[in-house]
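Data block below; observations after.
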Amino acid sequence: MQRKCCLLPVAMAILLIGFGAVNMDRIHETVYEITSEKRIGTYEIALVTDTHYGTVQDTKLLEKEMAALSARRPDVLILGGDIVEEGTSRAQMEDVFRIFGNVDTKYVVYYVYGNHDLQNYTEKKAYSRQDLEQVLAENEIILLADSFMKIDDTLVLVGRDDAGYGLPGERNSMEAILQGVSREQYIIVADHQPVDVGECASAGVDLMLSGHTHAGQIWPLGLLLQASGSYNYGLYDGETCKVIVSSGFTGWGYPVRTEGKCEYVLIRLKGEKVGKN
């Protein structure tokens, strides 16, 4: 009887790990419907974060999902950081941005840095920042680093430098970045880590898009983050600034996810006063 009791937790652990491994290879399309009282058109915005390419997930799976996304032809694709990491080789870095550069969009593909993209946590870097940014340019992917682009007359996209670089306060303020931007336009901020939400709200930002948390990935980390009041996963419907935190396209460190799901996000954004643009 005692032997059977000892085997039970082992069997449960094996089942949990098996579920986590299968869960890592199931990519979900998560859709959010966002409306605004601003006079804007209708947009479909795709967000992909945290692929950690070359270390956890199968290359063919990313190619398959991005081919499906390309067939949808979203208006914009935003790469929300940690696309590559410390374990990514130079060839893998080139490969993943080629895949994303081939996604067909109405406008263009945008990218913001995450805390892992420049291999900050290793001394043996496979590529430099200059190498990465050259590959972005070759694939017509626009880097936004504390800067903004006007998608059209009514939609503005801001990309933040990652909050993990340097010391607190070294990033430009949202007010400084948004100088010259009319608050009548719809302002989206892509920031890898879901931080400084209050600053965004005060500056007139309408929607913030983040990743980084992986929704915990290993139970019960996500529940603990959520209980602490941190932004962990999903749509947070603030009074002035909404926040969407993606669980990411894959996990980090180990090919196991026992909490949350792997996903890419589609945001269907429309103004209440106008139809399609």
How long is the span from the [atom1] atom in [X] to the [atom2] atom in [Y], to the nearest 0.5 Å?
X    : Y    : atom1 : atom2 : result
I99  : K64  : CD1   : NZ    : 14.5 Å
Y111 : N139 : OH    : CG    : 12.5 Å
C200 : R160 : SG    : CZ    : 6.5 Å
Y43  : S36  : OH    : OG    : 10.5 Å
I267 : I188 : CD1   : CD1   : 7.0 Å
T250 : L61  : OG1   : CG    : 8.5 Å

Identify the heavy atoms of [X] and [Y] that sit nearest to each other, and give their distance.
X    : Y    : result
V158 : I187 : CG2-CG2, 4.1 Å
D161 : D146 : N-OD1, 3.0 Å
T213 : P194 : CG2-CG, 4.1 Å
A163 : V195 : CB-CG2, 3.8 Å
L269 : L155 : CD2-CD1, 4.1 Å
M93  : V96  : O-CG1, 3.4 Å

Just checking, is any N or O donor in the side chain of [X] or [Y] under 3.5 Å from an acceptor N or O on the other one?
X    : Y    : value
T154 : D152 : yes
T59  : Y53  : yes
E263 : S246 : yes
T122 : Q119 : no

Does the side chain of [X] reach to within under 4.5 Å of the side chain of [Y], using non-hydrogen atoms?
X    : Y    : value
I27  : F249 : yes
Q193 : D162 : yes
L207 : I244 : yes
D191 : R171 : yes
P74  : K106 : no
Y107 : I151 : yes
V109 : E140 : no
T105 : D75  : no

Applying the 4.5 Å side-chain criterion to the ILVMFWY set and letting contacts propagate, would [X] and [Y] be lumped into a single cluster?
X    : Y    : answer
V265 : V245 : no
Y32  : I45  : yes
Y110 : V189 : no
V156 : V108 : no
I177 : L209 : no

Return yes when atom [atom1] of [X] has more than 12 non-hydrogen atoms of other residues, nucleotides or ligands closer than 6.0 Å, and no otherwise.
X    : atom1 : answer
K125 : NZ    : yes
E184 : CD    : no
N102 : CG    : yes

Worked verdict on S89 versus Q92 for side chain to side chain donor-acceptor pair (under 3.5 Å)
CA-CA 5 Å; S89 69; Q92 289 168 334; 3.3 Å; yes
Show your working on side chain to side chain donor-acceptor pair (under 3.5 Å) between Q130 and Q134 and close with a plain yes or no.
CA-CA 6 Å; Q130 183 179 7; Q134 180 181 341; 5.6 Å; no
With sequence neighbours excluded, residues passing side-chain hydrogen bond (donor to acceptor under 3.5 Å, both in side chains) with E86:
H116
Would you say the side-chain atoms of [X] pair up with the backbone N or O of [Y], donor to acceptor, closer than 3.5 Å?
X    : Y    : value
S202 : E199 : no
D117 : D82  : yes
S147 : A145 : yes

Kindly indicate, with the supporting measurements, whether the criterion side chain to side chain contact (heavy atoms under 4.5 Å, CB included) is fulfilled by I78 and L157.
CA-CA 9 Å; I78 299 170; L157 175 61; 3.8 Å; yes
Any Lys/Arg nitrogen of R98 or E63 sitting under 4.0 Å from an Asp/Glu carboxylate oxygen of the other?
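So R98 pairs with E63 through a salt bridge.
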Test side chain to side chain contact (heavy atoms under 4.5 Å, CB included) on V48 and L77; report intermediate values, then the result.
CA-CA 8 Å; V48 177; L77 169 60; 3.9 Å; yes
Let me know which of R183, Q185, K38, K242 forms a side chain to side chain donor-acceptor pair (under 3.5 Å) with D206.
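Of the listed residues R183, Q185, K38, K242, the side chain to side chain donor-acceptor pair (under 3.5 Å) partner of D206 is K38.
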Would you call the rings of F97 and F100 parallel, tilted or perpendicular, taking 30° and 60° as the class edges?
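Aromatic pair F97/F100 classed tilted.
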Using 30° and 60° as the class limits, which term best fits the ring planes of H52 and H214: parallel, tilted or perpendicular?
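If you compare the ring of H52 with that of H214, the planes turn out tilted.
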Going through the checks in order, is the side chain to side chain contact (heavy atoms under 4.5 Å, CB included) test met by M208 and C241?
CA-CA 7 Å; M208 179 175 169; C241 178; 4.3 Å; yes
Sorted by first residue and then second, give each ring-ring contact (aromatic ring centres under 6.0 Å, His included) pair with at least one member in residues 174-200; sequence neighbours left out.
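Pairs touching residues 174-200 that pass the test: H192-H212.
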Can the ring centres of Y231 and Y233 be said to be less than 6.0 Å apart?
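No.
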Step by step, would you call Y264 with T49 a side chain to side chain contact (heavy atoms under 4.5 Å, CB included)?
CA-CA 7 Å; Y264 65 87; T49 77; over 6 Å; no
